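Note that these values count all heavy atoms, side chains included, but never hydrogens, waters or copies made by symmetry. Worth saying up front: this structure is predicted, and the values here are computed from it rather than measured.
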Amino acid sequence: MTGPSLAEDSAHQLEQDTCPPESAAPSRWSSANREETKTAPPAHSIESANRDTDPSGAETFGGLGLAGIRAGTIDFRTLEDQVRVRETLTAAGYTDHNLYKLLGQTRPSIRTAADLSKFLTLTNGSTPLETLARLFLLNVATPILEAERAVGPHGLDAWVRTGAVTIEGNMLLPAVRILRYKGLFVAVETVAASRSRQADFVVGNTTSSEILTRHMIRHTKGRMLDLGTGCGIQSLLAAPFYERIHATDVNPRAVMFARFNAKLNGFTNISFDQGNLFEPVRGMSFDLIASNPPIVISPDNHYLYRDNGLPCDTFIQRIIRGAPEHLEEGGFCQLTCCWAHFGHQDDKERVSRWFDGTGCDVRVLRHLTQTPADYTRSCCGQGGEPARHADSYRRWLAYFEREKIEAISTGSIIMRRRDGKNHPVRISDGHLKPASGVGHDLLQEFEARDFLVQTREDATLLKAQLRLSPRVRVEQQCEPTGSGWRHARSRLTRIGGLSRSFKSDATILNLLRRCDGSRRLGDTLLELAKTLPGDSRSVPGKYVRAVRTLIENGMLLPGPPSLTSREDNRAISNPKTMLLMRGLPSCGKSHRARRLAG
């Protein structure tokens, strides 16, 4: 006879630790005080009914055997309930920082009995934070008396009315999982629902959503469209920046979660509609359209958050063609995307043609390119469809072979509507590592393009004032000689966001050092010419092309330093950056290659 499993033991221990003493007064929600009583099955029997096995063979629990219900309708009936629910979370200290201190992470991954046991042990106290973490983060069934101690009887009333929790006997079962992300409360599907996903399952903050967040160009006014809002994360993050946000999704369940999250965080400038693509916003235009659509290229059409039902990358092309008529002049459309590589076509040339006639300047950032096998392995396991499942794996690979797809790239598309002709499409060759601050860099890049168009004549550019970006760094390598060190090569890099790196020579570095925004470029080049051999009059024309490249890549910025520029202010307080602006160190003064502000 075998003993109880680890999960059974954890569930039993939870029951023992959290049940009130017999002498405690009955709760207003207890079976003694309710006309109808539903008896909750023992935790271990629920667990036994929901046990399953993950692809690796490790024992897991569909719903973890303790709560595991799928939310029906969740919403706030009154403004008072919104305030009360939010206040109970805030008063308990349900913050990113406190959850991290408690659990070692803010979004615990619960896949096995060992995971469950670990997090139950870390939250086995009786503080409101520990109780709410068990209920809404671990999704563990909680005795009503214990929940009342954490949120108060009136607070519990509000939670029950929202539908975010349900009552079974003397136990409270969570219908949502509440995460913290960048200071927001984000309600998503329960752990149980994530283990047995249905077609309308609503995902939380995914990798592609995080990339879109990091790349977002923020405005301080105007209107935004969140196309395919999901749980509403992009709308919530953008709410402080926009006067009005319109969020849409084809999935009614996603609209429900997004609306709940907006109210949970107290935002009143977001409206929600259910519908496909741009149908709910016909005749409307926006300053920003943000979208993390179902972009996976596959033969499947089951999950609304992942599959779009159209062949190859047709769905992305449809968004690209429909977005411009909903953009204000100068407005941006930003979306995550996947595109296919075909052996007989250059992928950059193929993607570039998607934007013909859109009236938009375009930037395409490539994050990753994978073979069909690697892409299948990374995507096919989503939604409870394990990557190692032989039938699914073969079916996906057969689809790619049939469509003659040799590789798949994942990336981001940024479109800006602009009147006029000659709309450039710039597609990155390398793979961009997602980083913070990309949105600011993208905006600066589009502004640099505008500046280069305005100064297309060299004579006009030579009259401009340019300054060195405070995010430029120089790496110098030296090689040993008999008497010391000799400069071998230099590399010019712009750090952060959209990073850039080029080989450089001493002349370019001296040019950059002189660009402080106080003089015209022509005067700066003439001054530089005096330090060079040969005819000084030929120097301006010779280096103008290099200057245009430096402007395009964000290393030189138009105009004098601005007292309100966050970058310039940061540079003024950064002595390492100022080293470059004052002068370059000599290799002979160091016993190793010098690196400025590295």
Side-chain angles (χ1 to χ4, degrees), residues 437 440-441 444-445 447-449 451-452 454-455 458 460-478 487-534 536-563 565-590 593-598:
H440 175 270
D441 288 0
Q444 197 173 75
E445 186 175 297
E447 291 172 346
R449 287 187 193 177
F451 175 78
L452 289 172
Q454 295 165 5
T455 58
D458 288 353
T460 307
L461 180 60
L462 290 171
K463 295 176 183 178
Q465 294 172 296
L466 301 174
R467 69 185 191 277
L468 178 68
S469 167
R471 287 162 55 185
V472 170
R473 302 292 185 265
V474 175
E475 295 180 5
Q476 290 188 318
Q477 292 186 3
C478 300
H487 175 260
R489 62 187 62 86
S490 297
R491 191 157 197 89
L492 196 63
T493 301
R494 194 188 72 164
I495 61 171
L498 293 175
S499 59
R500 301 279 189 276
S501 187
F502 301 98
K503 292 180 180 179
S504 184
D505 58 27
T507 304
I508 292 295
L509 297 182
N510 283 324
L511 168 62
L512 290 174
R513 179 175 62 85
R514 288 173 164 82
C515 290
D516 58 6
S518 65
R519 292 170 292 180
R520 294 182 176 186
L521 174 62
D523 297 334
T524 301
L525 288 173
L526 287 174
E527 180 183 298
L528 176 68
K530 296 176 182 178
T531 67
L532 301 175
S536 62
R537 292 173 298 181
S538 65
V539 169
K542 182 178 179 181
Y543 284 94
V544 162
R545 184 176 178 181
V547 168
R548 291 189 183 278
T549 300
L550 292 168
I551 294 171
E552 183 180 17
N553 288 281
M555 296 187 175
L556 282 177
L557 307 176
S562 169
L563 294 178
S565 168
R566 184 173 58 182
E567 279 197 320
D568 287 334
N569 288 337
R570 205 162 44 223
I572 291 170
S573 62
N574 185 345
K576 292 184 178 180
T577 301
M578 296 307 291
L579 278 175
L580 175 57
M581 299 178 72
R582 290 171 184 159
L584 297 170
S586 166
C587 286
K589 295 181 181 179
S590 174
R594 297 290 296 273
R595 178 170 177 163
L596 291 180

Item checked: CA sep, side-chain torsions, deciding dist, call: Ile551, Leu461, side-chain contact (heavy atoms from CB on, under 4.5 Å) -> CA-CA 11 Å; Ile551 294 171; Leu461 180 60; 4.0 Å; yes
Notebook entry, point to check: To the nearest 0.5 Å, what is the distance between CG (Leu511) and CG (Leu468)?
Noted result: 9.5 Å
Notebook entry, point to check: If you take all heavy atoms of Ser501 and Thr493, which pair is closest and at what distance?
Noted result: OG-OG1, 3.3 Å
Notebook entry, point to check: Is a side-chain N or O of Ser469 found less than 3.5 angstrom from the main chain of Arg471, in a donor-acceptor match?
Noted result: yes
Next item on the list: With sequence neighbours left out, write down each residue that passes side-chain contact (heavy atoms from CB on, under 4.5 Å) with Asp505, or none if nothing qualifies.
Entry: Thr507, Ile508
Next item on the list: Quick one: closest heavy-atom pair of Arg514 and Thr531, and the distance?
Entry: NH2-CG2, 3.8 Å
Next item on the list: Please report the closest heavy-atom contact between Leu509 and Ser504, naming both atoms and the distance.
Entry: CD2-OG, 3.6 Å
Notebook entry, point to check: Which heavy atom of Leu498 sits nearest a heavy atom of Glu445, and at what distance?
Noted result: CD1-OE1, 3.7 Å
Next item on the list: Apply salt bridge (charged side-chain N to carboxylate O under 4.0 Å, His left out) to Arg519 and list each qualifying residue two or more places apart in sequence or on a separate chain.
Entry: Glu527
Next item on the list: Could you walk me through whether Leu557 and Phe451 pass the side-chain contact (heavy atoms from CB on, under 4.5 Å) test, one step at a time?
Entry: CA-CA 10 Å; Leu557 307 176; Phe451 175 78; over 6 Å; no
Next item on the list: Using side chain to side chain contact (heavy atoms under 4.5 Å, CB included) as the criterion, point out the one residue from Leu521, Asp458, Leu512 that pairs with Val547.
Entry: Leu521
Notebook entry, point to check: Hey, what do you get for CZ (Arg548) to CG (Leu556), rounding to the nearest 0.5 Å?
Noted result: 12.5 Å
Check: Quick one: does Leu492's side chain get under 4.5 Å of Leu550's, heavy atoms only?
Finding: yes
Margin query: Go through it in stages, so that I can follow the logic: the residues are Arg473 and Arg494, the test is side-chain contact (heavy atoms from CB on, under 4.5 Å), and I'd like the CA-CA distance, side-chain angles, deciding distance and then a yes or no.
Written below: CA-CA 6 Å; Arg473 302 292 185 265; Arg494 194 188 72 164; over 6 Å; no
Notebook entry, point to check: Looking only at heavy atoms, what is the nearest atom pair of Cys478 and His487, with distance?
Noted result: SG-CA, 4.1 Å
Check: Between Arg467 (side chain) and Pro558 (backbone), is there a donor-acceptor pair under 3.5 Å?
Finding: yes
Margin query: Quick check on Arg520: does its CZ atom have over 12 non-hydrogen neighbours (other residues, nucleotides or ligands) under 6.0 Å away?
Written below: no
Margin query: How long is the straight-line distance from CG of Asn510 back to SG of Cys515, given to the nearest 0.5 Å?
Written below: 11.0 Å
Checklist line | Distance, nearest 0.5 Å, that separates CG of Leu526 from CG of Leu462 | finding: 8.5 Å
